[in-house]
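Note that the structure is predicted; figures quoted are calculated from it, not measured. No hydrogens, no waters, no symmetry mates; every other heavy atom, side chains included, goes into these values.
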Amino acid sequence: MRRMALVGIAIGLLLLVPAAMPSAAQETSLGPRLITGTYTTTNPIYPTIGAQVGIVLYDLSGQIQRDFDFQPTEDTQVLGTLQGDIARGQYTIALPSVPAGQRLDFDGDPASPAAVQVFAPGVFIEFRGDEYMNRGETPLALSVRLEPLTFDIIGGYVLVWSDNKGEMFPAGFGSDGAAFTADDPLMALPAGWSVVSLESEPFTVSRETHADLPIVESFGGLNDYSAMSYVDAWETLYQRTAVTYPFTAEKKLDWETIYQQITPAIQQASSDLEFHLAITRLGEFIPDTHIGYVSVPIMQTFLFGGVGVRRLTVTDDGQVVVVEVAPRSAASQAGLQVGDILLTVDGVPALQALDETPLLLTSASTPHGRRYLQAATLLQGPLGSQVTLTWRSSGGSERSATLTRTADVGALLEAFGGGLSGDLVEARVLPSGLGYLRVRSFAEEVSQADDYFAAALQTLLDAGVPGIILDVRDNSGGLVQLAMDMAGHFVPGYERLFDFYYADGTGDFAYRGFVETLPAEPRYDGPLAVLVNEMTGSAGDLFVYALHRDGRALVVGETPTGGFAGEVGDGQYLLPGGLNLQIPTGRPMDPVSGETLIEGTGIVPDVRVPRTWKSVLSPEDEVLQAAEAALLGGP
């Protein structure tokens, strides 16, 4: 991580050294000059994404004025140093003699000039190439506490600069319990820097030269209900989810029915396994791939046993085709081979058995996504259990065998980790002369990912390719701003694509900010195609939308994208028995029409490649070939 700001901070510290050491009373009169503190984040996603973080003195004027489009400019930012990572650390910020933030006026007199600036130290993810909080980068956590639904400031600490002695500032929360609202009582500030604690009422002012301000996680923290009873955890989860789930109308959900259907199973649960199975029933009522569960008891009981069939695929005409078989497995020893077609599973027609397979790891937003996920677990079961299969070989003969499940999670690894092999970004020139650029994920090495992407794109541009094919098949998302940064290599300027809405605490949903493409170099304006499948989702969905919306890129695939586009940062839960649960809380909407985007449908390919028995077994990548033909004008 580049830390050019260290030089500036060191110079700033030198400038703060007076010619003669002041007395303790004189130091206090100067107000704070140095702030330090610690931070801890609990969101389980954060440690997995390979992010580097920075620390900045963040101008709170946007938050105070409820301006969710606010972006502090570089000249207003005071950078600090930190030791630690995205999960925890310590920071130090040397305060400038005079800050350059936005001035506010709290006295209610329009004739008096604005003369107060309000700041909070904040931690943010760096992914745009330098140490500043650039456009598209936002704080993960600040020294103020925010109410997650209303986004009201309800506690914490702020750094305040006053141009003059006697400027007015909130002295308490008022009757609404929120700071910086019309009913706040006021107090007079000293000139210069002050620390104001919002942790007690009335608010208190400190002028000590060294202040310690802890950074707190208000939005996106882990909702930990693990110490509760099964019933209490369910009641708490239900009450929150029924209010915050963002697609109730789109999916025509009846929350009272959901509660009535699941609650008896929760009340009767006498083990972690029974409780976890009851919770997974949420996925039966809410078709959303972002609703996911990680349960060790469920995995051990129902999913750790397999017969060696690593991958099944359902063709357009409903055939369940064996695509990969592990050598020396029960399936292989019984004579099951690649290309065979499953006819029955325990006497049930194979496609019916697949469609009836419960989703124990995640729900599914779309029918095509659901079949993909069910194919991965169709033949999984308890260790030592048996399954009877009937299949038709490629030669036309029918065979049957009863297989015993042994420890085998190959099908799960193939389905959920199939896109995780190879480099994060991969580029090459195809024999056709077109450029090929694959992005495996937007959730790995996020602080370096666009550097890798830019370098790979530059190699294709240097080669003079006449067109580029972007491959985001199996890219199930990550940091949406990173996806917009990569999309910014192919579209001009900043393009506002989505507005995000979250529950506001009143039973409605409110605007909380927008997502836009972020211009990046090098730029490419030539012919472009994007390869997708049913596991192109979340930030992957939004990446494809950014390139497809105005016809910039041709979308090519056997299926639409996954169609799971909700925002999940504030929807992380830990329930009794170690059940990790994820449920979306934010929805993307069209800034003009107000239409909910992508969820439940995905992006439909411009070029639909048939999924046939022949194509799924072909050694050639027929989707890639279709994209090449489309860009080159061939058949």
Hey, are Glu622 and Lys614 close enough for a salt bridge, meaning a charged N less than 4.0 Å from a carboxylate O?
no
Among Arg611, Arg473, Arg608, which one satisfies salt bridge (Lys or Arg N to Asp or Glu O under 4.0 Å) with Glu558?
Arg611
Heavy atoms of Leu82 and Gly54 approach each other most closely as CD2-C, 3.7 Å
Worked check of side-chain contact (heavy atoms from CB on, under 4.5 Å) between Leu361 and Leu373
CA-CA 9 Å; Leu361 295 172; Leu373 297 167; over 6 Å; no
Okay, side chain of Tyr293, backbone of Gly283: is any donor-acceptor separation there less than 3.5 Å?
yes
dist Leu354:CG -> Leu342:CG (nearest 0.5 Å) comes out at 9.0 Å
Results of ring-ring contact (aromatic ring centres under 6.0 Å, His included) for Tyr502 - residues two or more places apart only:
Phe219
Ignoring hydrogens and geometry, is there a side-chain-to-backbone donor-acceptor pair from Gln374 to Asp355 under 3.5 Å?
yes
Give a yes or no on whether the backbone of Arg135 and the side-chain of Arg128 come within a donor-acceptor separation of less than 3.5 Å.
yes
Quick one: do Asp590 and Arg496 satisfy salt bridge (charged side-chain N to carboxylate O under 4.0 Å, His left out)? Show the steps, please.
CA-CA 9 Å; Asp590 187 288; Arg496 184 168 177 163; over 6 Å; no
Any side-chain to backbone donor/acceptor pair from Glu567 onto Gly569? Under 3.5 Å, distance only.
yes
Is there a donor-acceptor pair closer than 3.5 Å between any side-chain N or O of Ser363 and the backbone N or O of Thr289?
no
Please assess Val309 against Leu312 for the test side-chain contact (heavy atoms from CB on, under 4.5 Å), listing each intermediate value before the final yes or no.
CA-CA 7 Å; Val309 176; Leu312 296 168; 3.6 Å; yes
Are the side chain of Thr536 and the backbone N or O of Asn533 linked by a donor-acceptor pair below 3.5 Å?
yes
Give a yes or no on whether the backbone of Leu222 and the side-chain of Thr42 come within a donor-acceptor separation of less than 3.5 Å.
yes
Begin with the C-alpha distance, continue with both residues' side-chain angles, and end with the deciding distance and a verdict on side-chain contact (heavy atoms from CB on, under 4.5 Å) for Leu528 and Leu554.
CA-CA 6 Å; Leu528 190 67; Leu554 202 64; over 6 Å; no
One should read off an interatomic distance between Leu437 CG and Thr459 OG1, to the nearest 0.5 angstrom, of 8.0 Å
Run Glu534 and Arg370 through salt bridge (charged side-chain N to carboxylate O under 4.0 Å, His left out) and show every step you take.
CA-CA 9 Å; Glu534 56 269 88; Arg370 183 179 184 87; over 6 Å; no
Salt-bridge contact Arg587-Asp499 (side-chain N to carboxylate O under 4.0 Å):
no
Cation over ring, Arg512 on Tyr501, under 6.0 Å and within 45°?
no
Pairwise distance NZ(Lys251) to OH(Tyr245) - rounded to 0.5 angstrom
4.5 Å
Centroid separation Phe514 to Phe500 less than 6.0 Å
no
In this structure, OG1 of Thr244 is separated from CD1 of Ile583 (nearest 0.5 Å) by 7.5 Å
Looking at Phe151, is Arg66 sitting on its ring face, NZ or CZ under 6.0 Å from the six-membered ring centre and within 45 degrees of the normal?
no
Ring centroid separation for His489 and Tyr524, is it under 6.0 angstrom?
no
For Ala51, does its backbone N or O pair with a side-chain atom of Gln448 as donor and acceptor, under 3.5 Å?
no
So which heavy atom on Gly562 is nearest to which on Ser365, and how close?
O-CB, 4.0 Å
Taking the inter-plane angle between the rings of Phe442 and Phe543 on a 0 to 90° scale, is it parallel (under 30°), tilted (30 to 60°) or perpendicular (over 60°)?
tilted
Got a donor-acceptor contact below 3.5 angstrom from the Thr517 side chain to the Glu495 backbone?
yes
Could you check whether any side-chain N or O of Thr41 sits under 3.5 Å from a backbone N or O of Ile86, counting only pairs where one atom can act as donor and the other as acceptor?
yes
Under the salt bridge (Lys or Arg N to Asp or Glu O under 4.0 Å) test, which residues partner Glu250, sequence neighbours left out?
none
